[in-house]
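Before any comments, here is the structure.
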Amino acid sequence: MTASTTRRTTAARSRIAAVGAIAVAGALLLTGCGDQTESGGGSDKGSGSGSDKSNSAPLFDKLPEKIQDAGVLKAGTNAEYAPMEFQEGGKIVGVDPDIAAALGEKLGVEVEFTSGSFDGLITALNSGRYDIAMSSITDNKQRQEGLDDKGKKLGPGVDFVDYFVAGTAVYVQKGNPKGINSIEDLCGKPAAVQRGTTYEKALQDQSKKCTDAGQKAIKIQSFENDTEAQTRVKSGGAVAGVNDYPVAVDLVRKADNGNAFEIVGEQVDAGPFGIAVNKDNKQLTEALEAAVNAIIEDGTYKKILAKWGAETGAIDKAVINGGK
């Protein structure tokens with residue numbers, strides 16, 4: 001989910017500065033102990049065991065031996081952010097699952113997604129439940145270093161392999177009945193957001209700017225999932241919602257056949273989304289960096305983004321820990 005670096009921020013997106021915010025007992029800024037029970041098949045999977053793939057997959061030998069032997073890369077996600085990751089027909093689909101499938105082809109392993117609460121993903125990753133977390137998580141220094149928003153050390157942090165760029169977007173009811181034109185217009189008004197995300201942090205930062213300027217604080221309404229936040233805006237209980245840009249674009253296009261919401265203003269705080277990896281697993285981080293670059297170079301990456309209308313988030317080269 002988006003980052004509050006300078007942002008999930010140009011394209012959510014980030015759900016584009018947007019992939020997450022995360023942990024007591026080993027978690028990161030804005031990461032908590034969420035429910036991790038909901039599962040789904042993520043992307044198209046490769047076939048065969050690790051030993052079968054060593055000859056056919058160009059980057060198989062870069063993987064840690066444990067993952068080579070398993071033939072599977074376990075990925076945690078929060079499948080509620082179309083078009084980045086969402087459930088359809090009992091399967092987890094979207095930009096991230098498709099990119100993961102392409103990475104799996106280069107690495108010679110299957111990528112298996114499990115969906116849980118967003119604010120628990122990094123905790124689960126560092127506990128060993130997942131090999132990676134891939135859920136539009138914004139790469140920023142706080143998550144890299146395991147700090148809270150006041151700079152206090154909470155956990156070991158994670159490394160990120162950046163693969164997308166997104167920013168924060170503000171969306172309102174169709175017709176914009178309250179005349180909201182930017183995030184700055186939310187001072188003193190109720191705004192809905194998913195808990196544990198960088199765009200929740202974006203609202204908190206803007207609220208402080210409001211009070212510092214002598215205006216009223218934003219009435220931030222934080223929800224367990226983004227669907228609840230959307231419902232709040234649709235019902236008029238909040239004048240606006242804040243989300244990753246690509247997610248907001250998809251929402252505006254699809255909700256009530258395009259008649260429920262609209263985006264106002266420009267996306268802000270553009271920053272990278274990253275695949276989160278345990279800091280002790282440098283070999284996997286480097287393998288994923290090589291795989292992202294491989295799908296960029298052969299054109300697979302841009303084809304996937306075009307399929308989902310997410311071309312604005314494209315990068316030219318993978319970066320490790322590029323977030324600020």
Side-chain angles (χ1 to χ4, degrees), residues 1-21 78-86 94-96 118 135-138 164-186 189-203 205-206 218 220-223 225-273 305 308-314:
M1 310 323 172
T2 167
S4 74
T5 80
T6 70
R7 202 171 175 226
R8 250 176 68 12
T9 295
T10 285
R13 116 274 75 209
S14 282
R15 176 156 163 307
I16 254 115
V19 125
N78 177 231
E80 298 179 353
Y81 295 91
M84 299 304 293
E85 48 268 320
F86 60 104
V95 175
D96 284 353
F118 180 77
S135 191
S136 305
I137 303 171
T138 298
F164 194 80
V165 175
T168 298
V170 178
Y171 66 93
V172 299
Q173 287 180 325
K174 190 78 170 182
N176 196 7
K178 301 299 182 181
I180 304 299
N181 295 309
S182 69
I183 196 169
E184 289 83 4
D185 289 342
L186 298 178
K189 299 180 176 65
V193 68
Q194 182 180 10
R195 187 179 303 119
T197 58
T198 50
Y199 34 95
E200 180 184 42
K201 180 66 164 53
L203 277 179
D205 290 346
Q206 179 57 44
I218 298 173
I220 301 173
Q221 302 176 358
S222 300
F223 295 92
N225 60 65
D226 194 56
T227 301
E228 292 178 282
Q230 296 169 18
T231 300
R232 191 69 171 174
V233 177
K234 187 175 180 179
S235 70
V239 300
V242 180
N243 211 322
D244 289 326
Y245 181 76
V247 176
V249 169
D250 192 73
L251 173 65
V252 166
R253 184 171 65 245
K254 293 181 178 178
D256 291 352
N257 295 316
N259 295 311
F261 303 110
E262 63 183 79
I263 292 173
V264 296
E266 299 294 328
Q267 61 179 332
V268 297
D269 297 333
F273 285 174
L305 298 188
W308 295 102
E311 300 98 317
T312 57

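The model shown is predicted, which means the values in this text are computed figures rather than measured ones.
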CG-CD distance between Asp205 and Glu200, expressed to the nearest 0.5 angstrom: 10.5 Å

Side-chain heavy atoms of Val95 within contact of Leu305, under 4.5 Å: yes

Heavy atoms, side chains only, cut-off 4.5 Å: are Leu186 and Gln206 in contact? no

Are Pro246 and Phe164 side-chain neighbours, meaning at least one heavy-atom pair lies under 4.5 Å? yes

For the atom pair CD (Glu80) and CZ (Phe86), what is the distance rounded to the nearest 0.5 Å? 12.5 Å

Of all heavy-atom pairs between Gly179 and Asp185, which one has the smallest distance, and what is that distance? O-OD2, 4.1 Å

Please determine whether side-chain contact (heavy atoms from CB on, under 4.5 Å) holds for the pair Asn181 and Asn176, giving the CA-CA distance in whole Å, both sets of side-chain angles, and the decisive distance to 0.1 Å. CA-CA 9 Å; Asn181 295 309; Asn176 196 7; 3.9 Å; yes

Closest non-hydrogen atoms of Val247 and Pro83, given as atom of the first, atom of the second and distance, are CA-CD, 4.0 Å

Exam field: side chain Glu262 to backbone Gly175, donor-acceptor pair closer than 3.5 Å: yes

What are the two closest heavy atoms between Gly241 and Val233, and how far apart are they? N-CG2, 3.5 Å

For Ala192 versus Ala229, what's the shortest heavy-atom pair and its separation? CB-O, 3.6 Å

I want to check something: taking the side chain as every heavy atom from C-beta on, are Glu85 and Asn78 in contact at a cut-off of under 4.5 Å? no

Do other residues, nucleotides or ligands put more than 12 heavy atoms under 6.0 Å from the CG atom of Asn257? no

Say you draw a straight line from OH of Tyr245 to OG1 of Thr312; how long is it, rounded to the nearest 0.5 Å? 6.0 Å

Between atom CD1 of Ile220 and atom CZ of Arg195, what is the distance when rounded to the nearest 0.5 Å? 12.0 Å

State the NZ-OG1 distance between Lys234 and Thr227, to the nearest 0.5 angstrom. 11.5 Å

More than 12 heavy atoms from other groups under 6.0 Å of CD on Glu266: no

Close side-chain approach of Lys178 and Lys189, heavy atoms under 4.5 Å: no

Can you find a heavy atom in the side chain of Gln230 that is under 4.5 Å from one in the side chain of Tyr171? yes

Identify whether the distance between the nearest side-chain nitrogen and carboxylate oxygen of Asp256 and Lys174 falls below 4.0 Å. no

Taking all atoms of both residues into account, what is the closest heavy-atom pair of Val172 and Ala240, and its distance? CG1-CB, 3.8 Å

Taking the side chain as everything from C-beta on, heavy atoms only, tell me whether Asn243 gets closer than 4.5 Å to Thr197. no

Heavy-atom closest pair, residues Ser182 and Val264: N-CG2, 4.4 Å

